[in-house]
Amino acid sequence: MTPPAPDEGNSAPEPPFLSLHTAVVLLTAFVIGITVGCLTALTQVPVAGAALAGLTASGSSVPALRSLIGRPQ
């Protein structure tokens, strides 16, 4: 037996998990963190220190990116 088909006419579309603005800000912060972490690792710092530098750069860039990247009108 196959399950009954859902009634498509009465269901509202599900909202996205993240808005486009949030996704762009977090992706950009991730790229900044990876870049800072890799550049720090190239300076012969221990891996834990490089990871901490990348996490710090990523976290501290989120508020600045949030204000710099404008929301769509």
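Since the structure is predicted, the reported quantities are computational estimates derived from the model, not experimental observations.
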Inset, instruction - Assess whether side-chain contact (heavy atoms from CB on, under 4.5 Å) is satisfied between S58 and I32, documenting all intermediate values. - result: CA-CA 6 Å; S58 180; I32 289 172; over 6 Å; no

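For the 3.5 Å distance criterion, the side chains of T43 and T40 fail to qualify, holding no donor opposite an acceptor.
In the hydrophobic clustering of ILVMFWY residues, with side-chain heavy atoms under 4.5 Å counting as a link, L52 and V36 come out apart. Linking ILVMFWY side-chain heavy atoms closer than 4.5 Å, directly or via other members, places L68 and V62 in two distinct hydrophobic clusters.
The backbone N or O of L18 lies less than 3.5 Å from no partner atom in the side chain of T22, so there is not a single donor-acceptor pair. Between the side chain of T28 and the main chain of V24, a donor-acceptor pair closer than 3.5 Å is present.
The two residues V25 and L65 make their nearest non-hydrogen contact at O-CD1, 3.8 Å. Residues A64 and S67 share a closest heavy-atom pair of O-OG, 2.9 Å. Taking all atoms of both residues into account, the shortest heavy-atom contact from H21 to R66 is NE2-O, 3.7 Å.
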